[in-house]
Number of protein chains: 2
Amino acid sequence: MTGPRPRPADRPSRGRQRASHSIEAVLTAAVALLDEAGEQALTLRALAGRLGTGVGSIYWYVSGKDELLDRAIDHVLGGVLSAVQVQVRSDDPIDDLRTMAVTLFDAIVDRPWLGTQFMRNIADRGNSLRLYEALGEQTLRLDLTPKQRFHAVSAVVGVVVGSAADLGQEPPEEVLDGAVGRDEFLGRYAEMWRELDAGEYPFMHEIVDEFDGHDDKEQFLAALELTLAGLRLQAGA
Amino acid sequence: MTGPRPRPADRPSRGRQRASHSIEAVLTAAVALLDEAGEQALTLRALAGRLGTGVGSIYWYVSGKDELLDRAIDHVLGGVLSAVQVQVRSDDPIDDLRTMAVTLFDAIVDRPWLGTQFMRNIADRGNSLRLYEALGEQTLRLDLTPKQRFHAVSAVVGVVVGSAADLGQEPPEEVLDGAVGRDEFLGRYAEMWRELDAGEYPFMHEIVDEFDGHDDKEQFLAALELTLAGLRLQAGA
DNA sequence: TTCCATTGTCGAACATCGTTCTATGTTCGG
DNA sequence: CCGAACATAGAACGATGTTCGACAATGGAA
């Protein structure tokens, strides 16, 4: 037994001395990889290559890929939190709730990989917890029971996550290459649906024109509006 | 050039002769693996082992792991669809919408791996499309524009997916072993939150008791109720 | 019957990934 | 100037998805 070597990734990085790579450099590079080519592009070897180091070095800053992803998410969520906190508060808590949810959604549109992995952190310490708190504080201004407030926030988060899950799934590489535009990509589905039997699929025929060339954000806003309307009703405002 | 060997996974399995394994056997085994130990347990080698065949054989029925997952999902969604279609229709389309959404949610509770991967298929042909249609047909009975109907269904699906995303993330292995109960697991978070600064996190303190020992289904139902209330308002019913 | 294309089966081999381990360099307080 | 802590680097390992070529079984055509 050699005695437990001080497990890396534990110590709070006391003094940084002359480290050519800080943890922030690692996270920034990781986020860059995710932004450029999606979740599957975040490879320890690719990350090491970009940093100009070896794979093993990354394990000094991070206990493994899971923590790497967690911290990368927390990293970008820091920016989202700042954006949310900067926003002015109106006198309508529900309006503020909407504003904050939209900010969160926009961040996920910019970084689709956030959508799938967004739920990893919630409940843990960190920026996701602070975001949750920021949303929740708006419900404190509503006439609700604690349980209703809890449910309200999880409902709003659920709408964001549910809408973001749509965006999270990577297009089949054709559109990422730019060979096929996203509109054309969606158009193929629309065309497929138009060919469905009209008697068996009345609803699909009803909405296929809406789907064709639809706007993800408008779709999200509509869903958000429904739960906010329900919430306003519940709060008796 | 040997001439393109007939790519498997293409042909519609004309006659099955004496095949010891049909595609359904493959899918059933895949679902069994997923049910028993979650998404990471579905390995081509594990699947081959369970089927008593070699890895290569699976590629005859399926083009790769992606299609395997897609078809496994569609396979179980078939059961969900049946359950949904069997349900009696009330005279209130929104009540029916709720019933169907709950059925879908319950299926995901039974199979948490469905939660994360649920969005893979939607929009494609298959049972997810039929489920989408079944939900949508309820909105045809409401006084809405086509666009509103489209948004309504995607909102309901979003609530289900958003709530299911909570369940999808596997607990950190301690609770899967049974060493730690799920309640105790959640309790740890509650305790962590209770230690947060009361001035900085007023909302977390407000809802920590609700979170401790909370019921996922109740949480989902509350979120669903909010969007359904908003929908009812929109339909002017 | 004989032949051959089709329909399947099988597992070795390959590339890639996350992770571990060990060897080595660097820094700084004593 | 030395040793402990800090930090880097990359070979090696096991697991995974996928490819490939060899091979068996089947069934109709010759």
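Side chains are part of it too, since the values below use all heavy atoms of this structure and drop only hydrogens, waters and symmetry mates. Note on naming: letters A, B, ... go to the chains in the order of the sequence lines (proteins, then strands), and numbering restarts at 1 for each one.
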*Please name the pair of heavy atoms, one in A/A29 and one in A/L47, separated by the smallest distance, quoted to 0.1 Å.*
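Heavy atoms of A/A29 and A/L47 come nearest at CB-CD1, 3.6 Å.
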
*Answer yes or no: does atom CD of B/E218 have more than 12 heavy-atom neighbours from other residues, nucleotides or ligands under 6.0 Å?*
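Yes - once you tally the heavy atoms of other residues, nucleotides and ligands closer than 6.0 Å, there are more than 12.
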
*Would you please indicate if the ring centroids of A/W193 and A/F211 are separated by under 6.0 Å?*
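When the ring centroids of A/W193 and A/F211 are compared, they turn out to be within the sub-6.0 Å range.
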
*Under 4.0 angstrom between B/W60 side-chain N/O and C/dG8 OP1 or OP2*: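 It does, given that an N or O in the side chain of B/W60 lies less than 4.0 Å from OP1 or OP2 of C/dG8.
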
*Output yes when B/R50 and B/E36 qualify as a salt bridge under the 4.0 Å nitrogen-oxygen rule, no when they do not.*
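Yes, B/R50 and B/E36 are salt-bridged.
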
*Can you tell me how far CD1 of A/I108 sits from CZ of A/F105, rounded to the nearest 0.5 angstrom?*
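With rounding to 0.5 Å, CZ (A/F105) is 7.5 Å from CD1 (A/I108).
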
Can you tell me how far [atom2] of [N] sits from [atom1] of [X], to the nearest Å?
X	N	atom1	atom2	result
B/L33	D/dT16	CG	P	11 Å
B/I58	C/dG8	CD1	P	16 Å
B/L68	D/dT16	CG	P	14 Å
B/I23	C/dT9	CD1	C1'	15 Å
A/L51	D/dG10	CG	P	13 Å

*Which angle, to the nearest 10 degrees, lies between the helix axes at the two ends of the helix from C/dT1-D/dA30 to C/dG30-D/dC1, each defined by five pairs?*
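Inter-axis angle at the ends, rounded: 30°.
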
*Heavy-atom side-chain contact between B/K65 and B/T43 under 4.5 Å*: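 Sidechains of B/T43 and B/K65: no contact.
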
_Residues forming a ring-ring contact (aromatic ring centres under 6.0 Å, His included) with B/H75, sequence neighbours excluded_ =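 With neighbours one apart ignored, the set is empty.
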
*For nucleotides 11-21 of chain C, just jot down a letter per nucleotide in 5' to 3' order: B, S or -, based on protein non-hydrogen atoms under 4.0 Å.*
B-B---BBBB-

*asked:* I'd like to know whether A/R194 forms a salt bridge (Lys or Arg N to Asp or Glu O under 4.0 Å) with A/D209, so could you lay out the CA-CA distance, the side-chain angles of the two residues, the decisive distance to 0.1 Å, and finally the verdict.
replied: CA-CA 9 Å; A/R194 271 187 260 265; A/D209 288 334; 2.8 Å; yes

